[in-house]
Amino acid sequence: MTMTLMKGNEALALAAIRGGCTHFFGYPITPQNEIPEFLARELPKIGGVFIQAESEIGAVNMLYGAAAVGCRVMTSSSSPGLALMQEGISLLAAAEMPCVIVNVMRGGPGIGGIQPSQADYFQMTRGGGNGDYRVPALAPATVQESVSMMVQAFEMADCYRTPVFIVSDGMLGQMMEPVEFDNIELKEPPEKEWKLTGHGNVRKPKTIKTLMLDPARLEARNFELQEKFQKIAAAECSWEEYLIDDAVLVFTAYGSTARIARNAVDQLREEGFAAGLIRPRTLWPFPDKPFQQLASRCQTVLCVEMSCGQMVDDVRLAVNGKLPVAFYGRCGGMIPSPEELVAKAKNIMKGGRQ
Amino acid sequence: MCNERVLCAGFGGQGVMSLGQLLTYAGMLDGKHVTWMPSYGPEMRGGTAYCSVVVSDNPVGSPIVTTNATCAIILNLPSLEKFEKSVVSGGAIFVNSSLIQKKVNRKDVRVYAIPANELAAVCGNPKAANMVMLGAYLAVSKEFSLESVIEAFKKVFGEKAGRMLDLNIRALKEGAAAVNATIELPKAA
Amino acid sequence: MSVVFSRTKGLTEAETHYCPGCTHGIAHRLVGEALEELDLLGNTIGCSAVGCSILSYNYINVDMIECLHGRAPAVATGIKRVRPDSIVFTYQGDGDLASIGTAEIVHAAHRGENITVVFVNNAIYGMTGGQMAPTTLAGQKVTTAPAGRNPVINGMPLKVSEMLAQIPGAAYVERVSLHSPKEIRKAKRAIKKGLTCQVEKRGFSLIEVLSTCPTGWGLSPVDAVAWLEANMVPYYPLGVLKAPEGGKNV
């Protein structure tokens, strides 16, 4: 096992290459620039291509073209850049083009700031693009998990013919942690019989398109897509549980906030409070199950986010009224400290206001 | 139990980021759980730059060190003003006394004043002030093996490490001597 | 009896949805013939754009991909960078290319993308029902400038080819017209030249094709052709704006 110290962003970039990515199209934005910079340096060495696009709109449409001819392709950006890509993401989902899109989230709304944030949960799980579509969203919490999820994202993308989001943030992207790349085993990618190659004068021309002027056909097409989304939802939910069996209060948080919540759980346990943590690893599909299965000892779920409360909606849907769901959030690039979370949890456990 | 939470701060260009990375790498090579988290943004270009290093026997939760630093390594005055209050009671502050004349106000922390720029100049490279500070910290903390720190040089500085190694080891020694601690330093590889 | 004319293999047998007298049909045929005559049909991937010609994939006998409004040059970039030996073209109208897609077309030219762009300029938005395009002539009546395009409010019509020709990465830019058989033959030569430019990896090529929109213009097909010649050609002069020799060589 060879451990090396890497920034989350660089680890994502190297993992993309290990995951078979050959093409990258993107536009500079803080705090994700280490990803394009790494790939601009490394992709040409493996015969791949790095193009700095004229905008995120250009980038996402280049992604569409490259995916349509069957290569493993990705882009990365940060919150406002993702907002600019939404039209293209809706198209990628509708045309079922496999690709990976990384969001290293920063504070919003508007131009906002450049410090870590999780205020794009809605953007990542609901989308801002038009129409009924879903995009699988993987949320790593460590640099090592950034690596494994990046590889998983490419495989999911090909398996389900879908764009896949990696939901990172400024903290996870900028921090360095030990990481190793030794255990990456790539599955054989599926045959992409749908890809465009030119008909070679031996078959009828193929078309990749999403325009359907006949409402009945478009509805049928929508139902087909929904069936796929349901299949993904049934198979791909993922989460981590930490000390929840006897927990009276269960934190829930994803990504870098989950690291802080875990610290808070440890501190509370040291002081004799039975706290635990559910960490969703997929944001869509959202893992309802661990919330539905919480033991009767659990009295409150405390959702912590670097936002004003977005994932908490999904937590409430999962809990479905069976338990009170409290919320604690910091935003704009402010990062909660474990002490803040400990104080909030104690306040709740003593019957304080939720 | 090891749970070092170190803030390294100074002007951009003083090498606080690489100082932090060296510590982080050395901790990793010693088999610890580690994280390194930089400040980032416009402040990198000329203003105060700082990074948080966590080295622990347990998996690291938050990589951010704000209010609970066990140690701060401070290379310039604005950083002292910003981070003096971040150190826990009983912790340590290493101050680059070449650039910081102001006294540390805290009475509940150990303060080590190291004339890092002067000592680096003695070693032949004023830019090695960060290494002098690191040497001082290592001498006090005793959580890191020197083999790992030297190995970390190679990781952080890449090919430059070979040429720089002698100089850096001298700078470490000067820093260690300045805190009146003795550490065994192997000869340059 | 000798055959003097037949359907090109470059077109499918589907009937087009275009209005009577619309010159998209002719432009499609020229693209199809050019690809067939250069023996490129089997190795070509086309990008259709939003506008009347979005359904061009039903008519042109090559693999095609439908693109969002204005984005065809970015999509073509993605395709070409994965398959540099495929022939990649976009077929875009003036609303698509000259309005919403200016960033994408300028930067495809700027990067010297080795693609061919067929830019159909009929001085109006056809599909959405006759609104003003950046290329609508001064005084030309359209639904969103009912009194005629007023340059004080809307500026003068955009000369896309002139603008793109001065970009170093653009290897070949020519403006042609479809208002007479002679000009149509010239147009086909230009499209073939653009594709050849791509085969020879010389960089970005664009052929601006002046076209009619009888429905949008409120004219009969015959009057529309005459109007094009009388009004569009003087403002949009025909000819080569950039020769292939000026492009980047591989």
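Lettering follows sequence order; numbering is per chain, from 1.
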Side-chain donor or acceptor of C:S205 paired with backbone N/O of C:I115 under 3.5 Å: yes

Residues C:D96 and C:H69: side-chain donor-acceptor under 3.5 angstrom: yes

Note: C:E33-C:K188 ion pair, threshold 4.0 Å (strictly below): yes

Distance, nearest 0.5 Å, that separates NE2 of A:H23 from SG of A:C99: 14.0 Å

Proximity breakdown for A:T197 and chain C, heavy-atom pairs closer than 4.5 Å: both

Among the listed options A:L211, A:L91, A:T207, A:N61, the residue most often paired with chain C at heavy-atom distances under 4.5 Å: A:N61

Atom group of C:I54 that falls short of 4.5 Å from chain A, counting heavy atoms: side chain

Region of A:Y64 that comes under 4.5 Å of a non-hydrogen atom in chain C: both

Heavy-atom proximity to chain A below 4.5 Å, by part of C:I87: neither

Option in A:I51, A:T22, A:V49 with maximal non-hydrogen atom pairs under 4.5 Å from chain C: A:I51

Aromatic centroids of C:H24 and C:Y59 separated by under 6.0 Å: no

Which atoms of A:L63 approach chain C - backbone, side chain, both or neither, heavy atom under 4.5 Å: neither

Contacting moiety of C:L41, where chain A heavy atoms sit under 4.5 Å: both

Contact summary for A:E54 and C:A74, nearest pair of heavy atoms: OE2-CB, 4.5 Å

Most chain A-contacting option - heavy-atom pairs closer than 4.5 Å, from C:T77, C:I65, C:T12, C:I45: C:I65

Donor-acceptor under 3.5 Å (A:K206 side chain, A:E193 main chain): yes

Proximal component of A:L196, with respect to chain C [non-hydrogen, under 4.5 Å]: both

Which atoms of C:R83 approach chain A - backbone, side chain, both or neither, heavy atom under 4.5 Å: side chain

Shortest non-hydrogen contact between C:A187 and C:L30, atoms and distance: CB-CD1, 3.7 Å

